[in-house]
Every structure is written in C-alpha cells, then in structure tokens.
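The chains referred to below are lettered A, B, ... by the order of the sequence lines, with proteins before strands, and numbering in each begins at 1. Values below: all heavy atoms of this structure, side chains included; hydrogens, waters and symmetry mates excluded. Fair warning: this is a prediction, and the values are worked out from it, not measured in the lab.
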Protein chains: 2
Amino acid sequence: MLDQFRMSERTVGRLGVYRRHLYHLATEGVNSVYSHQLALAAGVTAAQVRRDLMVVGSNGSSTRGYDVRSLLTRLEAFLSGPAHQNVALVGVGILGRAILAYCTSRSGHLAILAAFDSDPDKVGRVIQGCRCHAMAEMPDVAAQGGIRTALLAVPAPEAQVVADQLVSAGIRGIVNFAPVHLRVPPFVHVENVDIMISLEKVAFFARSGIAGEEVLEEV
Amino acid sequence: MLDQFRMSERTVGRLGVYRRHLYHLATEGVNSVYSHQLALAAGVTAAQVRRDLMVVGSNGSSTRGYDVRSLLTRLEAFLSGPAHQNVALVGVGILGRAILAYCTSRSGHLAILAAFDSDPDKVGRVIQGCRCHAMAEMPDVAAQGGIRTALLAVPAPEAQVVADQLVSAGIRGIVNFAPVHLRVPPFVHVENVDIMISLEKVAFFARSGIAGEEVLEEV
DNA sequence: GTAACGCCGTGACAAGATTCACAGCATCAT
DNA sequence: ATGATGCTGTGAATCTTGTCACGGCGTTAC
Ligand SMILES: NC(=O)c1ccc[n+]([C@@H]2O[C@H](COP(=O)([O-])OP(=O)(O)OC[C@H]3O[C@@H](n4cnc5c(N)ncnc54)[C@H](O)[C@@H]3O)[C@@H](O)[C@H]2O)c1
Ligand SMILES: NC(=O)c1ccc[n+]([C@@H]2O[C@H](COP(=O)([O-])OP(=O)(O)OC[C@H]3O[C@@H](n4cnc5c(N)ncnc54)[C@H](O)[C@@H]3O)[C@@H](O)[C@H]2O)c1
C-alpha cells in the first residue's frame, strides 16, 4: 500500500509485538491504551512506540491514548494486508512438528497450508492437521495456494538446495532455522532464526555480567 | 575478560557465526581464510568481518588472510571464556524436546545439563538424554552445576513467573521462546526468539516485494 | 471560565552501526 | 630488483536507529 519498501525491519518486528499485545487487550475488553503501556508490554520506550505507530498513520487521543480496536485494525491492515496469507513448512522433523503444533493451535492471519518433506514415510500423511506433500509437488501446491512465504526446517546440509527449490516455486520470503547463511536472489527476504547463536549470545552476556555487578558496587 | 561490557549485541552474534564457519573449515582441513570468504559465508561485507574481528585482537596476514586454527581459538576464548558453560532448559514440551534433541546432538562448549518441568509425569524421567527435574530443585541444581543461562520454553502465561524463579535461582541469561516480554532485573540478559514475529516479518516483506519487482522495472 | 495536567505527534538531535578509503605490508611475476 | 597485486587494520564518513523535547490539544478541577 504505502511505501512499505523502505520500512525498517526492526520497526516491522515491533509493530508485530504491538499488534499481539493489542489483540490481547481487545480480548480482555480493554478499549484504550497509552503509548507508555504498550512500551512496557513490548520492552521499549514510549517515544519508540509513538514513532513506530507513525507509519500506520496514528490516531491517538491525548486523553484516552489509542483506541485499541481502531489501532489493531490499522496494524492488521498494514502488516497483513487485505488478503489472507498462506505459508508452507518444509522439513517435518522434530522442529517442524513443533512449529506445526504451534501455528495450527494459534488461529491467525497466517496459516500453514501445506507441509513438504523428502522422506517417503512422511509424504501423504497428515501431521498435526497438516497434509505432508512430496517435494516435487511444491511448485503446484504453492501456486494454487498463493503461498509466498515458507518456514525452512531441514538439516543444514540440505538447506541451500531446498531454498533454491523454494525460490523456483515462487516463494519470496523464508524463515530459516538451519544454521547456515542462505544465498538467494535479492527479491527474496530471509529471516534467520538461529537458536544456537541466540544461546551463545545470552551465555556471553550472562558471563560478562559477573563483572557488571562489580561495576555496580564500584559506583 | 576484556571490556566485554560495552560489546554490541549484533557484533557478538556475528562473531558466533564466524566461529561456527571457522569450526567447519577447520574440520575440513582448511587452514587459512580471507575476510571476504568469511563475509560470504556469514552474509555480511568483508569490511564488517574485519571490523568485528578487531575486538578479538585480529592477527590476519595480508597474504594468507586469517589462520583458521588461531582465529578459532581466539574466538572461542572471547565468546565462551575459559570455563565450560552449563545451560538449563525449562519447559519440556514439544518445543523443549526439539531443543534438547538439537543441543545434545551437537557437542559444543555449551551443554544442557538439566531440564525442568512442572508436570509430575515428566519429572524424574530422562528425556533426550537429559534428566528432568522438578521446579523446586532448580536453585540447588543450578548452583551445583554452575548454571547461569537458561532456555525458557513454557506456555506464555507461565513465562513471567518461571522467569522470576530463574532469576532467584541465580540465572543471569535467558533465551525466551514464549511470545511475551519478560520483566527482569537489569543484570539479567534476555534474548527473545519469537517465531511468530519472525514469520510475520518475512510475510510482510514477501508481500511488499510484489511492488519491489515493479520498481525494478520502472528503473 | 480558566488554569493546570498529561499525552500524542513530530522535528531536531544523539548514539550507534556500517561502509569507505587508504596506508602498510608481504608476496609474486618479470 | 622492482613494480604490481591484493589483503589487513583502522580512522573518518555515512547511513541508520533511537531519544529528546516541546507545541498542541482535549480533559479535568476548581
Ligand atoms: N530441533 C531444534 O530445536 C532445532 C533448533 C535449531 C535449529 N534447528 C535446525 O532445524 C533443522 C531441522 O531440525 P530437526 O531437529 O527438526 O531435524 P530432523 O532431522 O528431525 O528433521 C529434518 C527433516 O527434514 C527432512 N528433510 C531432509 N532433507 C530434506 C530435503 N532435501 N527436502 C525436504 N525435506 C528434507 C527430513 O526428512 C526430516 O523430516 C536443522 O537444520 C537444525 O539444525 C533445529
Ligand atoms: N512449539 C513451537 O514451535 C513454538 C514456537 C514458538 C514459540 N513457542 C512457545 O514456546 C513455549 C512452549 O511451547 P510448546 O509447544 O513446547 O508447548 P507445550 O505445551 O508442548 O510445552 C510446555 C511445557 O511447559 C511445561 N510447563 C507449564 N507450566 C510450567 C511451569 N509453571 N513451570 C515449568 N514448566 C511448566 C509443561 O508441563 C509443558 O511440558 C510456548 O510459550 C510457546 O508459545 C513454541
């Protein structure tokens, strides 16, 4: 719709967090919220919230803050667009099944429509309520389902070739769980979810925090 | 050790990626690598790699690039420190089991020493080679194992109270898989792994990419 | 009525991250 | 030998991201 091209990735992520919290508030019957309340729930500053909400053309009142229902609608429209989005999962291993369980349980604007795996034992079966297809069927299923986004949970050595297949099948966005950097054309967006790297980061800062406490005492 | 306090979180993440690739190279018998090769493998620029490596006191030669073995050792020392780090997992559900399977398969400097769950059926059992303890045992097990880092994979409504328990038990770093913002003291480092938000981001950019291609034709 | 309050929207500013550009150097080809 | 090559390490420039501060305004208290 708008100039969604130059959107900052960080901002889009935070808008998603705000949306989730607004959804939560809406189901609880809350109908107005201040920027500093959203900030608290999202772990950012109030100024950051207001700045982020500018991109959806914010309409907060200075007395009641933001109207939950109205803001939620705007965020939905901005983030999800008019049409319902379908997603594919490739690699129905132990992680793939966990993701299936998670996504099918949460009814949202994003639904996993199809799963794919190279293992003949899995093809044809319905796992966590989702039909598992053979890899060869991917182009057809993706085209028919209007799938432009995929979750990639295959072993690391397979990830690149499967990513190539995804791009050929018309996929334009990949959430990559394999611990490798994918080489894709520039019009394909890749988001890496790298649990080991996250764990290492946390362990690093948890360790360096030993000294952090000492600094606190010094001051 | 050094001034790890003011380390950028982004940089630490990338150093982890470099380390992983160097480890890979080392097992393949490669013994030197250029910054642009590391850059390709990590999906960043060569200048970024060199800048990042400055924090570990880089020692690249202009002709052979970096010595794989030596650089790996430096990164290990910087990221993992001298001692072996133990980690706990809280919440042995479907995601928790996937994580256990993943981490126990990869032998590394970070090992999941203990799992915890509130479900009496799981307590006492050994799952994926890891003993599952009752929540009440956490302070003792954490203290004895020198555990300062935890993976948190409990349902969203439980996440905050469990995080509080973790902090009380001496945990100083948390990888949070629950889709909520955790409120913790400032000396605790939290890293959110939020699959839904990642998926939404990718879907957003995959969608806006429709227009992106049109722009390409315009120019 | 009006003064005081608290919050939103936003331009200006600061901080942080990345890229640029180049000196310095070891190597290699001729 | 010596010039050409191609890489590292790093200060400076640039680009990005987050924060501040304040005008404007609806609301409330008195
Ligand atoms: N399990 C975790 O918690 C975890 C955590 C972080 C990252 N990862 C990564 O996620 C990926 C999957 O992990 P997992 O534990 O589910 O592994 P897994 O072995 O249980 O599952 C892999 C699945 O991919 C399928 N597969 C293999 N090659 C394929 C191909 N060419 N095309 C289509 N499907 C193919 C296999 O049949 C299997 O079902 C790995 O890259 C792993 O490193 C897993
Ligand atoms: N499954 C996924 O792929 C996925 C993806 C993203 C996020 N998540 C998040 O990860 C978390 C776990 O997901 P899951 O699919 O494994 O759920 P799950 O229900 O399968 O597992 C939850 C586990 O936590 C345990 N638990 C509950 N309350 C507890 C408490 N107070 N203390 C200790 N343990 C407790 C339960 O006994 C259970 O074993 C959820 O917050 C979910 O939103 C899961």
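Using a 4.0 Å heavy-atom distance criterion, Arg64(A) is classed as a sugar-phosphate-only contact. Within 4.0 Å (heavy atoms only), Ser35(B) reaches sugar-phosphate atoms of the nucleic acid but no base atom. Using a 4.0 Å heavy-atom cutoff across all strands shown, Ser61(B) reaches sugar-phosphate atoms only and no base atom. Within 4.0 Å of Asn59(B), counting heavy atoms only, lie sugar-phosphate atoms of the nucleic acid but no base atom.
Counting only heavy atoms from C-beta on, His36(B) has its side chain closest to dC7(D) among dC20(C), dA12(C), dC7(D).
Going from atom CE of Met54(A) over to atom P of dC8(C) covers 14 Å, rounded to whole Å. Taking atom CD on Glu9(B) and atom P on dG16(C), their separation rounds to 14 Å, with Å as the unit.
Remark: Tyr66(B) is in phosphate contact with dG9(D), judged by side-chain N or O atoms under 4.0 Å from OP1 or OP2. An OP1 or OP2 oxygen of dG9(C) is reached within less than 4.0 angstrom by no side-chain nitrogen or oxygen of Arg50(A). Phosphate contact (OP1/OP2 of dT19(C), side-chain N/O of Thr45(B), threshold under 4.0 Å): present. Residue Gln48(A) has a polar side-chain atom (N or O) positioned under 4.0 Å from OP1 or OP2 of dT19(D). A close approach under 4.0 Å does occur between a side-chain nitrogen or oxygen of Ser8(B) and OP1 or OP2 of dA17(C).
Here the side chains of Gln128(A) and Ile94(B) are in contact, with some heavy-atom distance below 4.5 Å.
Comparing Ser62(A) and Val33(B), the nucleotide of DNA chain D nearest to each residue sits closer to the 5' end for Val33(B).
Within 6.0 Å of the NE2 atom in His36(A), the count of heavy atoms belonging to other residues, nucleotides or ligands exceeds 12.
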